[in-house]
J.: 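Sharing a structure, written as structure tokens. Questions coming.
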Amino acid sequence: MDEQVYDPQALQDKWLPRWERLDAFRMGEDPQDPRPRKYMLDMFPYPSGDLHMGHGEVFAIADVIARYWFQKGYNVLHPIGWDSFGLPAENAAIKRNAHPAEWTYKNIETQANSFRRYAISFDWTRRLHTSDPEYYRWNQWLFNRFFERGLAYRRGGLVNWCPNDQTVLANEQVVAGRCERCGAEVVRRELTQWYFKITDYADRLLDDMEQLEGGWPERVMTMQRNWIGRSTGADVVFEIEGHGPVTVYTTRPDTLFGATFFVVAADAPLAEQIVAPDRRAALDDYRSEVAKLSDIERLSTEKEKTGVFLGVHAINPVNGERIPVWAADYVLSDYGHGAIMAVPAHDQRDLDFARKFGLPVQVVLHTGMADPGETGIATPGEGTLVNSGPLDGLSKAGAIAKIIEILETQGKGAGAVNYRLRDWLLSRQRFWGTPIPIIHCADCGEVPVPDDQLPVTLPDLRGEALAPKGVAPLASATDWVNVDCPKCGGPAKRDTDTMDTFVDSSWYFLRYLDPHYEGGPFEVEKAKQWGPIDQYVGGVEHAVLHLMYSRFFIKVLYDMGMVTFTEPFMRLLNQGQVINQGKAMSKTLGNGVDLGEQIDSFGVDAVRLTMVFAGPPEDDIDWADVSPAASQKFLARALRVMGEVSSAPGADFETGDIELRKVTHRTIDEVTRLIDTYRFNVAIARLMELTTAARRAIDSGSGPADPAVREAAEALAVMLSLIAPYTAEEGWERLGHQATVAKAGWPQADPALLVQESVTCVIQVAGKVRDRVDVSPDISDGDLEALALASDKVQAYLSGTPRKVIVRAPKLVNIVP
RNA sequence: GCCCCCGUAGCCCAAUGGCAGAGGCAAGCCCCUUAAAAGGGCUCGAGUGCGGGUUCAAGUCCCGCCGGGGGCACCA
């Protein structure tokens, strides 16, 4: 190899095959292995074509941490796999009249090759693909366990339907009324679907977040808290005349005396049950009107309140007042009890409705604000209860406690908790996913496929057979669908839905421990050793999707006794996006940057370095603001320094130039701290300085034969190996060492070389710098103060005795005249 | 509308309440070279979005604005 020019392609061609032979990143399997374990997990990719710039960033960042752990001597698990079920494969298959597996596995190979070239420190022996029957078999096994525990169930109800993808979606997959995948407007449909009972775990999902404090970004936890949306209040029973008791949920039972009307969700069955005969036509009209609205229109806060009087009245349980019952779409049928008591004085939504339809406003809480009936502004805050019988004079909190007590003794209500979180709708009417292992039998009902008959593999459908026709594609595979009931042996049919692919990703990190294990989804003993994950790295787009589902799965597995921890990911790092010219890369904008092309132009190391050096890992990287060419220059410079060292390996560093040695050890010390705190960009800046210092020593200092230069270059090689493995490996070889630098061991800073024999102390008068003196780092406050006051430059600004002297030895003295 | 984060040289970014600049890009200059490229070196540059406050001392803490980004938004 030509040592004069930096040729990244040649470095890659040289080292990649050697590394493959060394296989340095295998997890240690020996349970007696004394090394402490570390588990690094990158969010596994979906195989849509080749790796893109976003992958380039996230894997580069995670690899710095993983390689750091390897250098520090941990037993590291850093696996890779593919989230390979999903719609794009299916759509591609329809278009090309092919099988989704062809497209999927071809892309996986492409990405795997790119990962190898990108030099990520994976243990390739743990590779898995969720679309392999040996993987999804365990989705089905887990489904059976959930089913046994009553955590998987089937029910009818209004669901979100994506007309473009022709499937239902979970609540989490609907963003502002649109399909999270394709952006199509979601419509509501009445369908019978499978659900996971995640709501049973709402409290634990919320309360266990305590364990993640400090380890997860605050905003992700906020999003999850909002999503779960726990609220406390009371259930209150109103009697509806001519119908019977109806319960409502309220967070403000203290305002019960201010309820002036009652609203049921227009789409709730209750509305048609209670409507007066002469109002039925009006309700039907209103309901069809509401049904026409999209979610986006319905949820708009700009929209005026609508509703219809149902011709019946409800009786307020505490004062016997008759209040009219309305139906409206601002009340949701699937939250609380689908009906509310309306207190317009203290709730803006109710007030808007009251003003629209001329309903009375009754103030029951003095807040010091103007009358809501006059201003149209509800007063939801604190205050003193009025017009409320036994509650009068109480505070809001006092009244809430008191009214709950009253309701409970009268049997008219009780304290209650509600959640925004809904159960996880998991069935999908598409092909390329895990078949739900249920057989429907006319006599036995829903019968799980026995574990020993798993996996239920997908039938061989391709091309046109996969095209959406409003029913699940699996329904057309009649040979597959028609089976004998496992219970009674009679004729029965398989469930034709497949599972949401978020099921696949909810537990994949446990499968990595032994991806071919046949005794269960994972080996319980290994999960005990390796879980939970020490560091998870991935995009923030999964804040309430994958991350919530995984947390739920782990809690269920914990209850099953299969894992010993209740949270899967102890630390979470959300890397930023790679953008270009201030905007997300997109085909329509034509501002896309291709990772492969960047690598071809600048080399793997320069691209990785650029990703990590651009800024803090959470920040977006604007590719227009960074310079992979400059990264390449630095790497070339570093490699030249390493190549110019002329002392022999093993040279005694102690005999080297002390000043350079101090720089080296200070750098080691700082870089260690910076990597520990994930400030990689700053760490790289320190490595650049070390490189410059070594360069100077070679050119105009102690020369290339000085052992201190070797010490600096060797430290540089090891530290640089986290970011630029090819360059570091080549430099390591030129320094006379055997591969691989990745396992050379993290350098140790010698504390003796970190102490300074003098530091510059700043002397301020009234906060302005007036003098500097070189002092010993362990000078006493008293000595330093005396020294400062003795300065002529300082004295020039003083007249008489200073009022105050602040001494911060050894760095600063501030004299207040 | 509510909540959170961020505003430091032309640009990207550093700075446990203690000298505003570590590093990089760009710009300019010098050395090396027959020349260019590559390489080596030097220089330039902001008083920290605006206005108050706390403090001996504020980029850092507090309050109010302005600008940018994100989250939530009929969940009773």
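Values in this document were obtained by computation on a predicted structure and should not be read as measured data. Each chain gets a letter, A, B and so on, in the order its sequence line appears, and its residues count up from 1.
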J.: Nearest 0.5 angstrom please: A:Asn681 CG to A:Asp619 CG, how far?
T.: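 So the CG of A:Asn681 and the CG of A:Asp619 are separated by 8.5 Å.
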J.: Out of B:G71, B:C74, B:A22, which has the shortest distance to the side chain of A:Ala685?
T.: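 Side chain of A:Ala685 sits closest to B:A22.
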J.: Looking at the side chain of A:Leu332, which of B:A22, B:C56, B:A76 is the nearest nucleotide?
T.: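 Output: B:A76.
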J.: Under 4.0 Å: is that the gap between some side-chain N or O of A:Arg640 and OP1 or OP2 of B:G40?
T.: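 Yes, because at least one side-chain N or O of A:Arg640 sits under 4.0 Å from OP1 or OP2 of B:G40.
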J.: What is the separation between atom CZ on A:Arg230 and atom P on B:C72, rounded to the nearest whole Å?
T.: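 The distance from CZ of A:Arg230 to P of B:C72 comes to 20 Å, rounded to the nearest Å.
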J.: Identify whether any heavy atom of A:Lys633 sits under 4.0 Å from a base atom; if not, whether one sits that close to sugar-phosphate; answer base, sugar-phosphate or nothing.
T.: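 The answer is sugar-phosphate, as A:Lys633 gets under 4.0 Å only of primed atoms, P, OP1 or OP2.
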J.: Now, which nucleotide makes the Watson-Crick or G-U wobble pair with B:G18, with each of the two distances under 3.5 Å?
T.: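 Partner of B:G18: B:C56.
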J.: When you get a sec, tell me which of B:A76, B:C72, B:C12 is the closest nucleotide to the side chain of A:Ile340?
T.: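 Output: B:A76.
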J.: Is there a side-chain polar atom (N or O) of A:Lys811 under 4.0 Å from OP1 or OP2 of B:G18?
T.: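 So the side chain of A:Lys811 is outside the cut-off, no N or O lying under 4.0 Å from OP1 or OP2 of B:G18.
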J.: Using a cut-off of less than 4.0 Å, is there contact between a side-chain N or O of A:Arg808 and OP1 or OP2 of B:C56?
T.: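 The answer is no; no side-chain N or O of A:Arg808 sits under 4.0 Å from OP1 or OP2.
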J.: Which nucleotide, B:G23, B:C25, B:G41, lies nearest any side-chain atom of A:Glu689?
T.: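 Closest nucleotide to the A:Glu689 side chain: B:G23.
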J.: Given atom CD of A:Gln348 and atom C1' of B:A73, what is their separation to the nearest angstrom?
T.: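 Answer to the nearest Å: 14 Å.
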J.: Answer yes or no: does a side-chain N or O of A:Tyr335 lie under 4.0 Å from OP1 or OP2 of B:A76?
T.: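 True: A:Tyr335 side-chain N/O within range (under 4.0 Å) of B:A76 OP1/OP2.
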J.: What is the distance from CZ of A:Phe634 to P of B:C13, rounded to the nearest Å?
T.: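 These atoms are roughly 20 Å apart.
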J.: Between A:Trp326 and A:Phe357, is the gap from one ring center to the other below 6.0 Å?
T.: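 Yes, ring centres under 6.0 Å apart.
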J.: Taking only the side-chain nitrogens and oxygens of A:Arg637, find out if one of them lies under 4.0 Å from OP1 or OP2 of B:G41.
T.: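 The answer is yes; a side-chain N or O of A:Arg637 sits under 4.0 Å from OP1 or OP2.
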J.: Can you check the A:Leu789 CG to B:C56 P distance for me, whole Å?
T.: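 Those two atoms, CG and P, are 18 Å apart.
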J.: If I pick the P atom on B:G23 and the same atom on B:C63, what distance separates them, to the nearest angstrom?
T.: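 35 Å, rounded to whole Å.
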J.: Determine whether a donor-acceptor pair (one donor, one acceptor, N or O, separation below 3.5 Å) exists between the side chain of A:Asn814 and the base of B:C56.
T.: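 Yes.
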J.: Quick one: do A:Arg252 and A:Val343 satisfy side-chain contact (heavy atoms from CB on, under 4.5 Å)? Show the steps, please.
T.: CA-CA 9 Å; A:Arg252 293 298 303 279; A:Val343 185; over 6 Å; no
J.: Any side-chain N or O of A:Arg679 below 4.0 angstrom from OP1/OP2 of B:A15?
T.: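 Result: yes.
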J.: What's the CD-P distance between A:Glu618 and B:C6, to the nearest Å?
T.: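 After rounding, the reported distance stands at 11 Å.
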J.: Are A:Tyr419 and A:Tyr335, when compared by the centres of their aromatic rings, separated by less than 6.0 Å?
T.: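 They do not qualify: ring centres at least 6.0 Å apart.
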J.: So, A:Thr727 and A:Tyr6: side-chain donor and acceptor under 3.5 Å apart, yes or no?
T.: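 Yes, A:Tyr6 and A:Thr727 have a side-chain donor paired with an acceptor closer than 3.5 Å.
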J.: Kindly say if A:Asn681 contacts the phosphate of B:A14, meaning a side-chain N or O under 4.0 Å from OP1 or OP2.
T.: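 Looking at the OP1 and OP2 atoms of B:A14, one of them is under 4.0 Å from a side-chain N or O of A:Asn681.
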J.: Is there a side-chain polar atom (N or O) of A:Thr222 under 4.0 Å from OP1 or OP2 of B:C72?
T.: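 Answer no for this pair, as no side-chain N or O of A:Thr222 is under 4.0 Å from OP1 or OP2.
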J.: Taking atom P in both B:C50 and B:G67, compute the distance separating them and give it to the nearest angstrom.
T.: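 Result for the P pair: 15 Å, nearest Å.
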